[in-house]
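Heads up: the structure comes next, in structure tokens.
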Amino acid sequence: MAREYDLMPREVPRVETPFRRIVTAIPAPESVATLEKLYRFEPVAMRGQPPVVWHRAEGFQVQDAYGNQWIDWSSGVLIANAGHGRKEIVDAIVEQANSHLLTNYCFPSEIRARLVEKLSEILPDPLKKVFLLTTGSETIECAIKLCRSHGVKAGGRKKHVIVSFEKAFHGRTLGSQQTGGIPGLKEWIVNLDPGFVQVPFPDGFRTLDTSFEGFQRALREQGVEPQNVAGVVLETYQGGSAAFAPPAYMKALRQWCSGHKALLVCDEVQAGFGRCGSLWGFEQYGMVPDLACFGKGISSSLPLAAVAGRPDVMDLHPSGSMTSTHTGNPVCCAAALASIDLVLKENLAENSRRMGDLLHAHLHRLAKRFPQIGNVAGKGLVAGVACVAPGSMKPDADLAFDVVRKCVEKGVLMFSPVGFGGATVKISPPLVITEAAIADSVSALEEAFAEATVAQAVRA
Ligand code: PMP
């Protein structure tokens, strides 16, 4: 269970840098009434994040209403790729809202046509047809439906197995959660569908065998015949650790899927729109999936998601049978078009690559200084710093929690630790972050590690 934050304000040292400002106790005493209201009226499950009441968010910074300002290392939850509150996105939203078209369901609209055309234009072959949805989980549900429809058509009813990866996260709905690879999150399902099977993710840290043979062996061990696989679904990088697979593994997987008429699905909900230092995460592997799922950073703001895929697969369901009430909401489409424009015009994938190189160099330096850092993973502006007991692989969730809490108290906003044992400190700032802000935020992280590890040694 994730550790919860205390709502009792803690006195913390004042911070004032060109980017960060902390002038109150944390949580800010005046914000406690709002926090308490949320605790009272929302489910306990919503309590996971640090007690900062967001008031404004612009560029790579977030402010509360009490004078504090953070460098944002969360991007919300990898949403604000083009930056928070960009004027171009706000203007597009306002213009669309003022145009008197706030919704369109599946009725044709010009703005939805513009967005699907744009996505198709910027995606590589064969990802040329696009179905718009609202959340990332829905895109995974849709991908499962397409994989099974395609599989059963190609190989009969036995060809329905969905293979995915251990430790993966694909959402919290029934199908997306079964595609996920974290057993504790699926206990509520009780009667799991045996047609969902997970294999180890070749991260090179928790799974040392990164050869493609490991994939085939895991299927054999679970009694899965390759010809019965309808689809293989993976996060382009694992959100819980920021780990990528080796390109050779992914190329072999691509070939294996083609050879067995299984669809390869990349969940780009986190990885897309420049996050990994390339426009699409799968470019890191030099291959293209049959289906790709997008969400979060597609609009840098309003809720929108998309499945893009091979036209023959996307057209498997007849007219009127793959729909959604809010598919391509006009205001969300306007936000997405404006955000995509910014990502392309400002070459934010390249900024992500350059700033990411700086960030990763800093993190590797920290890993040399602190034996409690067991691994640094990621590419571009996503990184996962795995906290361990020194000299071992044992995850240290308490240390990760303390590091994140201290970072927040120092003016770097992060979400709670993620991943294996809740011990990964995840770093994912908006792609507009600058070199000076990277250096400034890393100095806070370094202080946080120094203080948290000393405190831990004193307790021991
Ligand atoms: N896939 C991945 C890789 C994700 O990170 C998430 C959300 N964290 C989802 C799917 C689910 O998206 P949503 O919360 O929008 O349903």
Side-chain angles (χ1 to χ4, degrees), residues 2 43 45-46 48-49 73-81 131-147 162 164-182 185-186 196 198 201 203 231-245 264-276 280-282 284-285 289 291-308 324-329 332 335-336 339 377-384 414-420 422 424 426-428:
M46 282 288 287
Q49 298 309 329
W73 269 6
S74 74
S75 299
V77 57
L78 298 104
I79 301 165
N81 284 23
F131 176 41
L132 297 174
L133 286 156
T134 312
T135 69
S137 303
E138 287 174 296
T139 66
I140 299 298
E141 298 289 343
C142 175
I144 293 166
K145 172 171 169 171
L146 291 172
C147 286
I162 303 294
S164 55
F165 289 83
E166 291 169 6
K167 305 189 192 79
F169 185 83
H170 295 288
R172 296 200 191 270
T173 54
L174 190 64
S176 63
Q177 193 102 76
Q178 291 195 81
T179 312
I182 305 169
L185 299 187
K186 309 196 247 195
F196 287 81
Q198 280 89 57
F201 185 82
D203 61 10
V232 179
V233 183
L234 79 152
E235 292 169 286
T236 307
Y237 67 80
Q238 287 213 304
S241 58
F244 284 73
L264 180 57
V265 183
C266 278
D267 177 345
E268 291 258 321
V269 169
Q270 288 198 18
F273 298 95
R275 174 60 57 189
C276 310
W280 313 116
F282 53 73
Q284 299 291 331
Y285 299 128
L291 296 173
C293 298
F294 301 101
K296 300 189 190 285
I298 190 171
S299 67
S300 297
S301 55
L302 301 189
L304 190 78
V307 182
S324 178
T325 299
H326 290 298
T327 178
N329 171 279
C332 299
S339 177
K379 283 181 198 295
L381 282 173
V382 62
M414 311 179 72
F415 34 76
S416 282
V418 295
F420 191 69
T424 300
K426 178 108 171 259
I427 303 171
S428 46

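We count ligands from 1, going down the list as the structure has it; atoms in each ligand are counted the same way.
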Exercise. Looking only at protein heavy atoms, identify the closest one to atom 10 (C) of ligand 1 and say how far it is in Å.
Key: His170 O, 3.2 Å

Exercise. Please name the residue in the list Gln284, Lys379, Gln270 that meets the side chain to side chain contact (heavy atoms under 4.5 Å, CB included) test with Tyr237.
Key: Gln270

Self-check item: For ligand 1, the portion of Glu235 having any non-hydrogen atom under 4.0 Å away
Solution: side chain

Quiz item: Purely on distance, is any nitrogen or oxygen of Ser137 under 3.5 Å from one on ligand 1?
Solution: yes

Self-check item: Main-chain N/O of Ala243 paired with Asp203 side-chain donor or acceptor, under 3.5 Å
Solution: no

Quiz item: In ligand 1, which numbered atoms sit nearer than 4.0 Å to a non-hydrogen atom of Asp267?
Solution: 1 (N), 2 (C), 3 (C), 10 (C)

Exercise. Specify the protein heavy atom at minimum distance from atom 8 (N) of ligand 1: its residue, its atom name, and the distance to 0.1 Å.
Key: Lys296 NZ, 2.9 Å

Quiz prompt | Residues Tyr285, Thr236; criterion side-chain contact (heavy atoms from CB on, under 4.5 Å); working and verdict | solution = CA-CA 9 Å; Tyr285 299 128; Thr236 307; 3.8 Å; yes

Quiz item: Within 45° of the axis and under 6.0 Å from the centre of the six-membered ring of Phe415, does NZ or CZ of Lys426 qualify?
Solution: no

Quiz prompt | Short N or O distance, Glu138 and ligand 1, threshold 3.5 Å exclusive | solution = no

Quiz item: Any donor and acceptor pair, going by atom type alone, linking the side chain of Gln198 with main-chain N or O of Ile182 inside 3.5 Å?
Solution: no

Self-check item: Under 4.0 Å to a heavy atom of Thr135 - the qualifying atoms of ligand 1, by number
Solution: 15 (O), 16 (O)

Practice problem: State if Arg172 counts as touching ligand 1 under the rule of any non-hydrogen atom under 4.0 Å. | Solution: no

Practice problem: Given side-chain contact (heavy atoms from CB on, under 4.5 Å), test Glu138 with Val307 step by step and report yes or no. | Solution: CA-CA 9 Å; Glu138 287 174 296; Val307 182; over 6 Å; no

Quiz item: Numbering the atoms of ligand 1 from 1, which are under 4.0 Å from a heavy atom of Gln270?
Solution: 5 (O)

Exercise. Would you check the N or O atoms of Gly136, main chain and side chain alike, for any that come under 3.5 Å of an N or O of ligand 1?
Key: yes

Quiz item: Backbone N or O of Gly175 within a donor-acceptor pair of the Glu141 side chain at under 3.5 Å?
Solution: yes

